[in-house]
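Written out below as structure tokens is the structure these notes cover.
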Amino acid sequence: MHATKSFFDTDARTLALRLLGATLHRRFAPRRIATLRIVETEAYVGPEDACSHARNAKRTERNRAMFGPPGIAYVYFTYGMHHCFNVVCGNPDRPAAVLIRAAEPLRLAHLLRSAPHAKAPTSGPARLCRALDIDRRLDSIPLRPCAPLWISPGEPPRRVAVSARVGVSQGSAWTTAPLRFFDPESPWVSTRRGPYAGSILSDPAARPYHPGLWFLRSGDRPTEG
DNA sequence: ATTTAGATCCTCT
DNA sequence: GAGGATCTAAATG
């Protein structure tokens with residue numbers, strides 16, 4: 001079983017929630033495929049999102065994958081040394097994507113590459129890409145089975161925690177929008193400090209996405225454990 | 001345990 | 001020429 005087109009063909013917030021617990025497959029060679037459980041995601045919801053690379057629907061050479069069809073990869077390079085991996089969703093008129101921030105290695109973890117002394121080599125978007133050898137060569141590729149990279153549905157986490165997105169530009173309401181999602185029980189989550197501690201999303205299905213500043217009315221409970 | 005500075009270069013203005 | 005959806009090591013309390 002792999003993710004069908006409709007799995008990705010939805011808004012970014014829905015996909016970010018849907019990807020928690022899903023399985024990420026990285027194919028290094030024909031029979032060398034590492035699998036990981038996705039535990040942390042961020043939604044970049046559309047052209048109105050001031051923190052998105054596709055803000056104002058402005059096309060550039062870098063972000064062109066975000067304007068492509070649902071289910072392709074968007075891999076970008078940043079800070080002179082790091083790559084980050086996103087799953088494209090939405091449609092060409094509403095460029096949107098989900099950043100994969102952390103995953104738990106499940107199988108063939110020995111294939112992963114990491115920094116010499118990294119304790120949590122797949123916790124954090126750039127660490128994950130380093131461990132999985134993801135770079136711009138994989139930008140825009142369709143995420144389908146036997147590709148270098150694909151995703152299959154998995155068991156959702158028991159609970160979902162939500163927080164502001166990490167490291168996004170300051171100065172707009174989008175900076176603090178609750179668009180980062182993670183499994184509060186996973187030790188592989190990248191950070192839980194300060195504003196990123198998160199709060200429990202009591203009923204994800206009951207909080208449908210509405211375009212605009214919907215998140216300003218937020219009533220989630222504080223986390224514990 | 002928490003904070004800070006530096007790395008490092010591609011992309012866009 | 002400036003800044004970035006980050007990370008690490010070093011310094012500080």
Side-chain angles (χ1 to χ4, degrees), chain A residues 8 11-17 19-20 24 38-68 72-90 94-103 105 112-140 143 149 151 161-182 187-198 209 215:
Chain A
F8 301 110
D11 65 87
R13 184 180 180 275
T14 298
L15 183 61
L17 286 162
L19 285 174
L20 292 180
L24 178 63
I38 296 172
V39 301
E40 181 181 344
T41 59
E42 278 176 2
Y44 290 83
V45 300
E48 71 276 21
D49 184 345
C51 300
S52 171
H53 288 168
R55 57 187 163 276
N56 304 322
K58 181 170 294 187
R59 276 177 193 260
T60 67
E61 189 53 31
R62 175 174 72 163
N63 71 12
R64 114 192 111 77
M66 290 188 74
F67 294 80
I72 68 173
Y74 167 44
V75 180
Y76 67 88
F77 179 79
T78 191
Y79 290 110
M81 64 194 87
H82 298 308
H83 295 273
C84 295
F85 162 56
N86 298 253
V87 178
V88 172
C89 59
R94 275 188 61 76
V98 174
L99 174 69
I100 308 301
R101 286 195 55 92
L112 277 42
R113 299 102 204 258
S114 65
H117 304 297
K119 303 281 186 194
T122 56
S123 299
R127 286 183 181 184
L128 181 72
C129 285
R130 172 166 190 167
L132 296 179
D133 194 25
I134 294 171
D135 60 28
R136 292 220 82 197
R137 290 172 307 182
L138 301 188
D139 185 46
S140 294
L143 302 171
L149 203 54
I151 289 169
V162 60
S163 81
R165 293 172 293 184
V166 179
V168 295
S169 56
Q170 306 288 303
S172 84
W174 293 97
T175 305
T176 51
L179 289 170
R180 170 179 177 247
F181 305 97
F182 60 92
W188 293 89
V189 167
S190 66
T191 179
R192 311 182 55 149
R193 297 201 6 215
Y196 307 119
Y209 169 74
F215 51 80

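A note on names: the letters A, B, ... follow the listed sequences, proteins ahead of strands, and every chain is numbered from 1.
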Rounded to the nearest angstrom, tell me the gap between atom CD in A:Glu42 and atom P in C:dT6. 7 Å
Quick one: does A:Phe77's side chain get under 4.5 Å of A:Arg62's, heavy atoms only? no
From the candidates C:dT6, C:dA5, C:dT8, the one with an atom nearest any side-chain atom of A:Val168 is C:dA5
Pairing residues for A:Thr60 by the side-chain hydrogen bond (donor to acceptor under 3.5 Å, both in side chains) criterion, not counting sequence neighbours: A:Asn63
Tell me, what's DNA chain C's dot-bracket, Watson-Crick or G-U with both distances under 3.5 Å, | for other-strand, [ ] crossing? ||||.|||||||.
Is there a side-chain contact between A:Val39 and A:Arg101 in this structure, where contact means two heavy atoms from C-beta onward sitting under 4.5 Å apart? no
side-chain hydrogen bond (donor to acceptor under 3.5 Å, both in side chains) against A:Tyr74, all qualifying residues, sequence neighbours excluded: A:His53
Using only side-chain N and O atoms of A:Arg55, determine if any of them is under 4.0 Å from OP1 or OP2 of C:dA5. no
Whole Å only: how far is the CG atom of A:Leu99 from the C1' atom of C:dT6? 11 Å
Would you kindly give the NZ-to-P distance between A:Lys119 and B:dA1, to the nearest whole Å? 13 Å
Of A:Asn86 and A:Arg127, whose nearest nucleotide on DNA chain C comes first from the 5' end? A:Asn86
Taking side chain as C-beta onward, heavy atoms only, is A:Val98 less than 4.5 Å from A:Glu42? no
Salt bridge (charged side-chain N to carboxylate O under 4.0 Å, His left out): pairs with one or both residues in residues 161-179 of chain A, sequence neighbours excluded: A:Asp49-A:Arg165
For B:dT3, does OP1 or OP2 lie under 4.0 Å from any side-chain N or O of A:Arg193? yes
Measure from the ring centre of A:Tyr44 to the centre of the six-membered ring in the base of C:dA5, then say whether that distance is under 5.5 Å and the planes meet at under 30°. yes
I'd like to know if A:Arg137 pairs up with A:Asp135 as an ion pair, taking the criterion as any Lys NZ or Arg NE/NH1/NH2 lying under 4.0 Å from an Asp or Glu carboxylate oxygen. yes
Between atom CZ in A:Arg130 and atom C1' in C:dT8, what is the gap in whole Å? 11 Å
Over how many whole Å does the gap from A:Ile100 atom CD1 to C:dT6 atom P extend? 14 Å
What string of B, S and - do you get for nucleotides 7-13 of chain B, 5' to 3', if B is base contact, S is sugar-phosphate-only contact and - is no contact with any protein heavy atom under 4.0 Å? BBBSSSS
Does A:Arg180 have any side-chain hydrogen bond (donor to acceptor under 3.5 Å, both in side chains) partners at least two apart in sequence or in another chain, and if so, which? A:Glu40, A:Ser163
Taking side chain as C-beta onward, heavy atoms only, is A:Thr122 less than 4.5 Å from A:Pro105? yes
